[in-house]
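Okay, so here's the structure we're looking at.
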2 protein chains.
Amino acid sequence: MEKLSRKEQIKTVAARLFRKRGFKATSMRDIAKAMDMEAPSLYNHISSKRQLLEELLMSIAQSFILGMKEVKEAPLNSLEKLERLIKLHVDITIDHTDAVSLLTNEWVHLEGGAALDFNALKDDYEKDFKGILMACIKEGHLKEVNADLAMFSILSTLRWLYSWYSKNPNVNKIDLEQQMVKLLIPTRNE
Amino acid sequence: MEKLSRKEQIKTVAARLFRKRGFKATSMRDIAKAMDMEAPSLYNHISSKRQLLEELLMSIAQSFILGMKEVKEAPLNSLEKLERLIKLHVDITIDHTDAVSLLTNEWVHLEGGAALDFNALKDDYEKDFKGILMACIKEGHLKEVNADLAMFSILSTLRWLYSWYSKNPNVNKIDLEQQMVKLLIPTRNE
DNA sequence: TAATTTAGCTAACAATCGTTAGCTTTGCGC
DNA sequence: GCGCAAAGCTAACGATTGTTAGCTAAATTA
């Protein structure tokens, strides 16, 4: 029941502003004003603006990597794993809407090692995702489709889910999970 | 066979840089360097950085609005219209990849009247799109689905098509059109 | 050829940026 | 109540930003 640390509060506010105006267009003074303080005071809790973005992105990316790991190791068939992946996206999106939006829009502003690390995580994740999707096709669970394009389409929809959720914030999580599964998994007849 | 005006050249280069680094992270000096000139010289051809973004966005938005108008007025049934809309996105994306990417990522940096105008166009477009999609469902061409979510999913995929196309630049336009139609239109059995 | 427009340049501006230095206040453990 | 760490403040820095002023060279037109 402990309160969020001051640093976590700053990160939450920063995520909201980064999402609304973009990372580069959000100044430290903007963040400070939203926290009711002066910009230099922020530096008692964080070390730089860059670090703010890096920690926000890496933390969310790790959530996806961890979720993927659990799905891969679960005793499920490939179609069930795909379902679980879709639900994973829905859950993380609902719980961390602002930070998830940064994952699609603001990662370009990472620099140096953080950019490399992030891209490595992204590549790993997409490779795993594709493996599961292709297993679905091979095992006959899905319509014959261009696997690359299908994955691209599914991930595109999941990436933009945060914006849909923001316009429909009262949707039930379980409902949304089920609707997304039904929408995104192109099952064969029946 | 006339060459692009200097202003058009600048806009093309700006679109490429805005896409790669983002509007706010691209300086006039960046654009100038890419054009092999000095930043102040740009102002012999354009009036401001803002105007550059506004004209790029509005011009592409008009392409979509115009395409939508033609589709709406064409003597086609609703399913054929939906197909035509998908092909419209494919065509514009292939022909103006960089500018299309700004449509999804950089419109947040519009200000004042331009922001209002842009959002009005976007709302109109999505309303028309939804009308055609719902006609498809009512006429029984599509599986019963949550129309809002279905439209959201289709538009998400089409919005990110530019990034897929950039990784697969050698794809044939007609092929891509047909694959996208097959992928995005959830036809009933068969 | 003279005149005028086109297209570039350098220098410099005011504003804003992220960040640092150095100081004061607050709140808690002893 | 004292000491100390945590958390705030003001002032100010160097860098970068979009943009203007004023000039020059080249190209076009008369």
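In what follows, chains are A, B, ... by sequence order, proteins preceding strands, each numbered from 1.
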**Q.** Protein-nucleotide distance (A/K24, atom NZ; D/dA15, atom C1'), rounded to Å
**A.** 12 Å
Q.
Any carboxylate oxygen within less than 4.0 angstrom of a Lys/Arg side-chain nitrogen, looking at B/E126 and B/K130?
A. no
Q) CD1 of A/I10 versus C1' of D/dA7: gap in Å, rounded? A) 10 Å
Q. What nucleic acid atoms does A/S27 come within less than 4.0 Å of, heavy atoms only: base, sugar-phosphate, or nothing?
A. sugar-phosphate
Q. Do you know which two heavy atoms are closest between A/A32 and A/E38, and how far apart they sit?
A. CB-C, 3.5 Å
Q. If you look at every heavy atom in A/K173 and A/D91, which pair is closest and at what distance?
A. CD-OD1, 3.5 Å
Q.
For a quick test of reading the model, state the closest non-hydrogen atom pair linking A/F152 to A/S156 and the distance between them.
A. O-OG, 2.7 Å
Q) Taking all atoms of both residues into account, what is the closest heavy-atom pair of A/R21 and B/H109, and its distance? A) O-NE2, 3.3 Å
Q. Where are the stems of DNA chain D, defined as at least 3 consecutive Watson-Crick or wobble G-U pairs with both distances under 3.5 Å?
A. C:1-30 with D:1-30
Q) What nucleic acid atoms does B/S47 come within less than 4.0 Å of, heavy atoms only: base, sugar-phosphate, or nothing? A) nothing
Q | Closest nucleotide among D/dG8, C/dC9, C/dT19 to the A/H45 side chain | A | D/dG8
Q | Distance in angstrom units between B/E38 CD and D/dT24 P, rounded | A | 18 Å
Q) Counting only side-chain N and O atoms of B/S41, is one of them less than 4.0 Å from OP1 or OP2 of C/dA7? A) no
Q. Considering only C/dC9, D/dT19, D/dC9, which nucleotide approaches the side chain of B/M37 most closely?
A. C/dC9
**Q.** Side-chain donor/acceptor of A/R29 to base of C/dG18, under 3.5 Å
**A.** yes
Q. Where each residue is assigned the nucleotide of DNA chain D containing its nearest heavy atom, which of B/N44 and B/M28 is assigned the position nearer the 5′ end?
A. B/M28
Q. When we call it a touch if two heavy atoms are under 4.0 Å apart, what does B/R6 touch: a base, just sugar-phosphate, or nothing?
A. sugar-phosphate
Q: Anything under 30° is parallel, anything over 60° is perpendicular, the rest tilted; go ahead and classify A/H89 against A/F64.
A: tilted
